[in-house]
Each structure stands twice: as structure tokens, then as C-alpha cells.
Amino acid sequence: MTDISPYEALGGETMVRQLCARFYTLMDTLPEAAACRAVHPPSLTRAEEKLFEYLTGWLGGPPLYTDKYGHPRLRHRHLIAPIGKAEIEGWQLCFHKAWSETVPDSPLSRSIVDKIDALGWHMANRPMETS
């Protein structure tokens, strides 16, 4: 028996494309994602493609992102955008909703979402507001 990557186990290119398309549709339409949407350019086309490329490699598929851009250095690359609690929570809301609509629930699926959540909080580059 051969091990398969999360990329293959979860549906490969088709799944990642659907996830990214749904994610950016949600970012464009959910009022709760307004802070996150505001730090993006008017067109989300390039961001959607970069997320597709990144997630493809991160999930164990072809290294599309690193082949094009080198090491992701995600936090460094996102320093141009102010990222605080509202931006992170909006991003995570869109990701969770898109993920739950695209990927069947499983232990693997849940473990990936946990890692994505941790990555989201790692992206913060401004103080967290207290409520």
C-alpha cells in the first residue's frame, strides 16, 4: 500500500480550484469578511491563483507556488497589508465556509483546518484589538 498525499486524498486539483474559487467569492460577499477584503486589490483573480498554487504544494501536490516564486515566506510577503484580528477572523470565516462546502469532513480534513487556523494567526502584523 502506498501513502497518498492530503492533496490526492482530498480531491487534487479539482478540489483545490473549487475551494479557492468559493473562498474568494465568500470574501467578496460576506460582510464579516470586509476587513480582510479591504486589504486586497479590487480584482481577486491573482490572489485566487496564488492561493491555488500555494495550497496545491502545501497539501502535497505539485510545488506550483515554490516553482514560480520560491520559498513562500508568507508572513514576510503579507507585511504590505495590515493584518489584525478582524482581517484574520474574516479570512478564517471564508476559509472554513469554503472548506466545509468543498471538502468532506474527516480527521484529515479537520487536522488541515487546524493548521490553517494556526497559520492565519501567525500572519498577524499589528496588535490584536481587545474587546
Side-chain angles (χ1 to χ4, degrees):
M1 178 182 272
T2 50
D3 291 329
I4 63 170
S5 67
Y7 176 79
E8 294 168 299
L10 297 172
E13 180 179 355
T14 300
M15 179 280 295
V16 179
R17 285 242 181 247
Q18 290 171 347
L19 171 69
C20 294
R22 183 64 179 142
F23 172 85
Y24 282 105
T25 296
L26 291 166
M27 187 187 294
D28 240 357
T29 58
L30 291 178
E32 302 92 339
C36 183
R37 178 61 179 97
V39 300
H40 286 78
S43 172
L44 295 172
T45 302
R46 186 165 182 239
E48 182 178 330
E49 187 62 18
K50 281 186 162 186
L51 181 62
F52 165 76
E53 293 165 346
Y54 175 76
L55 287 177
T56 294
W58 188 79
L59 290 168
L64 305 175
Y65 187 94
T66 56
D67 283 355
K68 261 190 190 176
Y69 306 106
H71 189 283
R73 301 176 331 179
L74 291 181
R75 192 163 193 277
H76 176 77
R77 291 180 194 266
H78 285 81
L79 288 175
I80 62 167
I83 300 174
K85 184 177 180 184
E87 292 78 15
I88 294 166
E89 288 178 345
W91 194 97
Q92 288 177 333
L93 173 68
C94 294
F95 191 89
H96 284 218
K97 188 161 179 51
W99 188 266
S100 70
E101 293 175 7
T102 308
V103 181
D105 186 43
S106 70
L108 173 61
S109 173
R110 288 188 297 277
S111 74
I112 290 169
V113 170
D114 289 345
K115 290 175 184 166
I116 289 289
D117 283 350
L119 178 60
W121 289 109
H122 174 71
M123 302 300 285
N125 60 26
R126 65 177 220 214
M128 293 292 134
E129 307 84 23
T130 56
S131 302

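When a residue number appears, it is its place in the shown sequence, counting from 1.
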Task: Nearest-0.5 Å distance that lies between atom CG in Asp28 and atom CZ in Arg37 - done: 4.5 Å
Task: Residues Glu49, Arg17: salt bridge by 4.0 Å N-O rule - done: yes
Task: Nearest-0.5 Å distance, OG1 of residue Thr102 to NZ of residue Lys97 - done: 10.5 Å
- [ ] Would you please classify the geometry between the Phe95 ring and the Trp91 ring as parallel, tilted or perpendicular, with 30° and 60° separating the classes?
- [x] parallel
Task: Distance in Å, His96 NE2 paired with Leu26 CG, rounded so as to fall on 0.5 Å steps - done: 12.5 Å
Task: Spacing of Trp58 atom CH2 and Thr66 atom OG1 [to the nearest 0.5 Å] - done: 14.5 Å
Task: Pairwise side-chain contact, Lys115 with Ile112, heavy-atom cut-off 4.5 Å (strictly under) - done: no
Open item on the list: Would Lys50 and Tyr65 count as a cation-pi pair here, with the cationic atom under 6.0 angstrom from the ring centre and within 45° of the axis?
Closed with: no
Task: Residue pair Glu8 / Ser5, side-chain donor-acceptor N/O under 3.5 Å - done: yes
TODO: Any chance you could measure Arg75, atom CZ, to Arg77, atom CZ, to the nearest 0.5 Å?
DONE: 15.0 Å
- [ ] Please round to the nearest 0.5 Å and tell me the distance separating atom CZ of Arg73 and atom CG of Leu79.
- [x] 10.0 Å
Open item on the list: Would Cys94 and Leu30 count as a side chain to side chain contact (heavy atoms under 4.5 Å, CB included) here? Give the steps.
Closed with: CA-CA 8 Å; Cys94 294; Leu30 291 178; 4.2 Å; yes
Open item on the list: My understanding is that only one of Thr56, Leu64, Val103 makes a side chain to side chain contact (heavy atoms under 4.5 Å, CB included) with Val16; could you say which?
Closed with: Thr56
